[in-house]
Amino acid sequence: MTTDLQIDPGPRAPGSPAALEVRGLVKHYPGVKALDGVDLVVRQHEVLGLAGENGAGKSTLLKALVGLVRPDAGEIWVRGEKVKLRSIMDAADHGIGMVFQEQSLVPNLTAAENIVLGSEGPGVRRGVYRWRTMRKLAQEQLDKIGSHIDPLARTDTLSFADRQMVEIAKVLRIEERTSHPPVIILDEPTSVLESKEIDTLFTQVRRLREFASVVFVSHRLDEVLDVCDRVAVLRGGQSVGEVPAEGAAPAELHRMMIGSTGADDHYHDGAAERSDEPRRPRLEVRGLSGKTFRDVDLDVHAGEIVGIVGVHGSGREDVCRALFGAEPTTAGEVVLDGKKLELSGTRAACAAGVGYVPAERKTEGMVGPMSVADNMTLTKQQARCSGPVVRPRKQASLVDGWIERLSIRTPHRGTAIQRLSGGNQQKVVLARWLVAGDVRLLLLDHPTRGLDIGARSEVYRLMRELANSGVATVLLADSLEEAIGMSDRIIVMSDGRATKEVAAPAGGKPTPLDLVKEMV
Amino acid sequence: TETAAGGGGETAAAEGCDPADVTLVGQVRNESNPYEASWLDGGDAFAEQVGLTQERLTYDGDSTRQQEQISQLLAGDTDCLVMNILPNGDSDTPPIVEGAEAAGAYLVTQWNKPADLNVTDYDYWLSHLTYNGVESGKQIGDALSEAIGGSGGIVALQGILDTGAAKDRFAGLEESLAANPDVELLDDQTANFSRAEALEVTKTLLTKHGDDVKGIWAANDDMALGALEALQQAGRDDVAVVGIDAVPDALTAIEDGTMTATVSSDGPWQGGIGLAIGYCVATGELAAEDIADEDRAWYAEQFLIEQDNVADFVSPETDEADFACDNLFSRSQGAMS
Amino acid sequence: MTTSPAEADTDVVHAQRPRPRRGVSLMDAGPPIALVVLFGVFAAMSPGFRTFSNVQNVLDAAAVLAVVTCGISFVLMMGSIDLSAPGIMGASAITVALLVANNRNDNDLGLVGVLVAVLVAAALGCLSGLALVVLKVPSFMATLGVSAVGLGVATLMFAGVQPNISDAMLEGWAVERFLGLARLTWIALACVIAAWLVQRYTRLGRYAFAIGGAEEVLALSGVRVAPYKVAVFTMAGAFYGLAGVMVTSQLSAGLVQAGRGYDFSAITAAVVGGTLLIGGRGGILQSTVGVLLVTVLTNGLVQVGVSPYWQGGVQGLIVVAAVAAAVIPQRRRNQVTK
Amino acid sequence: MSTPVLAQPAPDAPVVHRPTVGQRLTSFMPVIALVVLLAALTIADPGFLTLSSLTAAVRTAAPLIVLAAGATVVVLCGGIDLSIAALCSLATVFFALWLPDLGGATTLAIIAATGAIGALQGVVHVLLRIPSFIVTLGGMSIFAAIALVISDAGPIPLADRDSTKWLTLYVAGVLPMAFVVALVLVAVVSLVLKLTPLESWVRATGYSESAARLGGAPVDLVKIGAFTLSGACAGLAAVMLVSRNFSGSPTMADNLLLPAVAAIVVGGTAITGGHGSLWRSLAGALVVTLLRVGLPIVGVPSAYEQILYGAIIVAAVALTLDRSKVLIIK
Ligand SMILES: Nc1ncnc2c1ncn2[C@@H]1O[C@H](COP(=O)(O)OP(=O)(O)OP(=O)(O)O)[C@@H](O)[C@H]1O
Ligand SMILES: Nc1ncnc2c1ncn2[C@@H]1O[C@H](COP(=O)(O)OP(=O)(O)OP(=O)(O)O)[C@@H](O)[C@H]1O
Ligand SMILES: O[C@@H]1[C@@H](O)[C@H](O)OC[C@H]1O
Ligand SMILES: [Mg+2]
Ligand SMILES: [Mg+2]
């Protein structure tokens, strides 16, 4: 069914050239071949999936298609015509638009302005805003995707999902710029969405196919196969083949992505057998209250992974932050290994052996311009020091060890972390808590957001390994499936309260539906 | 050429420099202030008179920058160097003096000097001259009292608080008030010698004290002119204003009758006289030892200018004779107390 | 959010978010409250303060600072900073003084002179913007440099002799009153309204705001930000220029130092009013509240009779306290303060 | 909202650990700017480049270097300290007042006191979450007022000049002691930063405060430490000024604020935080000093001097700022 390393451009009827064609695209970054001769064909009115591991070159390829990355070699053809895309506006004029992997809206502008930004058309006359027109224009786009948000709401007051809708509404504006069917590129649009929102999005994607071509990237392969007509696979900056979605299995895609038969089971639900439950939980939370949560009780035993599930705004994220001392609390007590945990600040939490991986990797998880090595040792400085003095050798061997162990793809430990792909960044952030080997409670907020299957299973393996070595883990999972698969126990939160506890031992897992019922 | 200087210790100007080798330097705060610009112009005029040019330095009212410029200057060729300096504040004088002494450069300072620093303790610091601030403050204070008929309220605009000029002048006002018991000082505020600040402060004081204000005492003309604007904007023409410096705009105002009095400080003369003293010593026409002790730190002659005598001051002319080596101290009103 | 009937069993998962906000938020209420409190305190302490004529005086005194702050607010909104006001104001003050009827030359250009001065100022502002976008010099340095250039140009034109104006119109601006306020105050009010309209209803204003919020995103949306940045600095320069003209009108003379101190007071006013130095928040109305706060404070301290020695210190203390009072209710544990 | 992707791919600066020629060049830019400026001044006035002239220049630069060095750490943390100059002035007054009682211990007492005042500002900034710009702007006017009041608005002569004499001596006959002290300060602070986790904390705080905090870096302590150092440096600079002015005065250093910040920026340190170093500020301070003293000395008229000063500092920053490290220039 698949033909590795051989590209079939597909039937090309004389009158209808491919919507978009890429030939031999090359892009080198110092130390990295991000694209190494990629070929790709996007047909008219199809949804093309793009799969590949973290760092395979997906985002780079897509950015080249919208003029943000200037390729070193190769050609881009749009509807049978060779083009040079110099800027995002250039691409838009050719009918190509993109929703970026990281959200890219101006937070302090209204949704309407974001939607029309850069191509306000009649919304601005001679530099003067016509708010009513602007609102109408935005509303038209929002209507296309059936979103009901207020176009004049400030973007930073919208939920993540709503913001994603605004992004899609925005990209659809390119229909206004060209008479041809547009090509809409969605780079990991689902990684921040809940399943309900994903369904809405997919409905939109299928609708888009009626008048456009769509390129869709996601690390959730079942999703990709669900919504796409065809899936192209990248590996190490090269095209390694493609499969029709119909009838394909995630495992097959995964095999192409990694170039060998990997484990297909993406969830490792097998916790190590624990002979006897420790008498006292490692973490005891009693009556914890804060701005967005109330009276939360929570126990986590050493070696246990406890998932917290809830809808957006259920307050689970803030509970996590509160436990790390990053969010004020108004009442309650937290005990870690029998000792009262001071929630005075992040420092105290670190010192007590608490680790936290925030969901917003770019702004909260990592220090972009700093090196992989410095990011990795940021918290546990003692791991690279003798006394108060930093030992560069010690740091180098420590960091290189973890780069190897977690197979972090980076040219060098001295590379700025912002130059790594998202998945590899996440691994560095996780490694930060592991370098000293003294973490007792790990709070993970969407630790696999944006990670490919491979990286994801490595993170799962890591989490399990850590648990088995006695770390207590609180997990805010990326999806219900993940929460169910990884957790030993699941707490359901809604409206700021922990409303239900569901046991999820290996072999006795609840179904997603069981949980959704409780989350309401 | 015979080099007179070269290091401290050595008695100044035993032999004397060739006049053509003398370097003349005048340093003031900035050229964007008419008084100080006229000072430098006076220095140029003197230099021309002796066939030289003056190096004009400005430090923008920045004490550290003044020091920096001077130490850089003294690091260069200091043989036959003559400096006429306006120190930014009292505390800026000692290091300038020490620097000049060590480098053997002839120095005259004006306006600012700590009271306990004695010119006679130095060889190359030839002279310090200033106007008697207490007296000028008192003179315009008295003129103001007279203008308001000997009784009523006045407000005072002080200069930059940490300058000797501001403090002396205010002390003079206090003396004047003591002598005119019916004049009441309603308020005193600083406007930092600035026209713009004086405008705002005066407006506020006028609303605060209303018609009680009969006169405004300003520590310099710039502030007096700002106060005049404030009065005009408030529609008040019944308030007497006095200042110090005799800047052209103030003289015009006195001619017009909108301002009552000011005290002359003769910028062009000050710019010339300092250089002249240094030049005369450097060229050996005047021996430093021959300068009388009372001419080492002295008050220069100043005049109270009112409507009746303003005409004499409208175009201050520097007389070449003022700078003749035997006539340098003719404007002295006596040694500084 | 849409409810698709096909998936009725999952669509119960509804988002519960804080209500999306429009318009002004409670966060902006701090500075106006501080203004009212400060006003009340001074009024209680000093009978002179609470007179009608003093209120007029405060408003008149706020005029120049308000115009400078209009300009600087746009720059701050972008997350940049502008220290060029002293130099630009000095240059425009001397320019206008030499172009309208004056004692130095025979020019008598009247309003045209004003216009030219504002244009000169705008050109200097434009220079800051160009240094920022072309040479990629941070605005802090670019504007500091332009300020020095402006002062130099002003000093050159000043040439040692004070230019005094005799232009009836320009002098009238400071003296003549309408509804109890000086014309200059009305000009300032017009500037504030115009600036507010620009901020609210023009692409330039909204983009300035957006640049402070997320400059990179504008670029991703195909907006070339560089011209807007230059335009903002140019506009700011024009405001400073007008402010320089206003100072000249007040003093009847063109001073090189016409703008001394206005850089920091305008930034203080804007920040006290709630404009963030990192950009993306605040605006003209907030800044104007800040201007009033600062002016009331200056005036009130004189009215109350605080010693001139202590005035600066007390003013500094109150500014910090006012900002603290405005910030404390909205601070969050992990909030970034630079 | 998450940080959006960069509009332009990061400039292709090499990511390998060994710095390339280009990179080395960028890190030497401040020095290159300094040399170019010196050459230009020498061309304008051949008499300018003499040993005594250079000695005077570095002696002059010492207090500015010290002020800029302290404030650099605050800037690296992403803040700014506008109070350094006023605090330095205040410290000169303290010095003159305390000298009769404390004698030889005055210098240390001054540095301790200004360090404590700096720390206080840091605490206010960190605890009340007031932007450092405002805290230190307030500090600036408060310190100025205190200095004015306690000095009775006038200079206070030193009771005894011997206690500061050491700062006016020369090492090896040519190197002014004050400059040597400034160099040692820069070297020691740089080394301490480099050899301990401090540098990584400082940079992390400057680049991304929230990431640093959530990464467990002691952000608040680091910031308070930076303000303490900045305050202490203001104290040391004050001792240097007193040593050359023989008095303390309430406005003595006030005009050094903008030159100090200019020195930091001209050195190529990013005013937004994270990127930069004390060495850069050292070079920057020398550039600024040369401009302040050199232009008038080589005979540039006052008005043109200001214009040139403006143009040259802008050009110098254009040269020294490493744009691969500072992606968005505000
Ligand atoms: N601006 C850049 N500078 C240097 N290297 C870069 C840059 N952008 C991307 N790379 C490198 O190019 C490779 C491809 O990155 P890209 O972001 O395209 O991967 P991706 O397939 O989108 O991964 P992910 O699934 O994690 O998003 C990575 O190794 C990355 O480190
Ligand atoms: N009622 C509320 N009032 C104010 N802010 C709220 C409220 N609810 C949530 N928030 C804010 O929204 C953010 C996200 O909320 P929350 O942590 O509850 O989401 P979540 O359940 O973790 O959802 P996700 O699936 O995205 O992780 C929090 O930072 C919180 O400050
Ligand atoms: O106006 C003058 C002022 O500029 C200077 O400080 O000292 C003397 C004053 O008369
Ligand atoms: Mg990607
Ligand atoms: Mg969340």
Side-chain angles (χ1 to χ4, degrees), chain B residues 30-41 44 58 60-61 155-158 160-162 166 170 186-210 212 221-222 225-226 228-235 247-250 252-253 267, chain C residues 46-49 51-58 60-61 64-65 90 93-94 103 148 151-152 154-162 164 171 173-177 182 184 247 249-253 255-262 295 298-309 311-312:
Chain B
N30 50 54
E31 293 195 40
S32 56
N33 157 327
Y35 162 73
E36 288 176 16
S38 75
W39 162 311
L40 288 184
D41 291 341
D44 281 347
T58 57
D60 209 18
V155 296
L157 300 177
Q158 293 217 53
I160 297 175
L161 292 173
D162 66 335
F170 191 68
L186 300 171
D187 219 318
D188 73 279
Q189 289 291 336
T190 177
N192 293 313
F193 285 134
S194 143
R195 195 153 165 168
E197 281 185 52
L199 172 77
E200 293 308 330
V201 174
T202 309
K203 279 187 185 173
T204 305
L205 291 176
L206 285 177
T207 49
K208 181 173 176 187
H209 300 289
D212 294 344
D221 281 347
D222 259 347
L225 291 164
L228 281 177
E229 291 298 330
L231 289 169
Q232 192 193 351
Q233 286 167 33
V247 302
D249 290 348
T252 319
Chain C
S46 151
F49 182 85
T51 58
F52 179 67
S53 66
N54 192 52
V55 174
Q56 276 177 358
N57 182 26
V58 168
D60 285 349
V64 177
L65 184 58
I94 301 286
N103 63 338
L151 286 176
T155 309
L156 270 183
M157 292 191 289
F158 178 83
V161 182
Q162 181 71 60
N164 291 320
E171 295 205 286
W173 283 8
V175 179
E176 280 159 33
R177 296 180 166 270
L184 286 178
V247 172
S249 143
Q250 285 184 333
L251 297 175
S252 302
L255 264 62
V256 177
Q257 293 91 347
R260 175 168 285 183
Y262 275 106
T295 318
T298 319
N299 178 284
L301 290 179
V302 174
Q303 291 286 359
V304 172
V306 173
S307 142
Y309 284 70
Q311 258 176 34

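Here the structure is a predicted model, which is why all the values come from computation and not from measurement. We name chains A, B, ... by the order of the sequence lines, and we start the count at 1 in each one.
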Please state whether the side chain, the backbone, both or neither of [X] comes within less than 4.5 Å of a heavy atom of chain B.
X      : value
C:V302 : both
C:V64  : neither
C:Y309 : both
C:A182 : neither
C:Q56  : neither
C:E176 : neither
C:L251 : both

message: Between C:N54, C:T51, C:T155, who has the most heavy-atom pairs with chain B when the cutoff is under 4.5 Å?
response: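 Of C:N54, C:T51, C:T155, C:N54 has the most heavy-atom pairs under 4.5 Å with chain B.
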
Side chain, backbone, both or neither: which part of [X] has a non-hydrogen atom closer than 4.5 Å to chain C?
X     : value
B:S38 : neither
B:D41 : neither
B:E31 : both

Heavy-atom check, side chain of [X] versus side chain of [Y], under 4.5 Å:
X      : Y      : value
B:L225 : B:V247 : yes
C:F49  : C:N299 : yes
B:E200 : B:Q189 : no
C:L184 : C:D60  : no

Determine yes or no for a side-chain-to-main-chain donor-acceptor pair under 3.5 angstrom, with [X] supplying the side chain and [Y] the backbone.
X      : Y      : value
C:Q250 : C:A174 : no
B:N192 : B:S194 : no
B:K208 : C:Q303 : yes

query: Just one of B:R195, B:Q232, B:E229 clears the side chain to side chain donor-acceptor pair (under 3.5 Å) bar with C:S252, so which one?
result: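 It is B:E229; the other options fail the test.
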
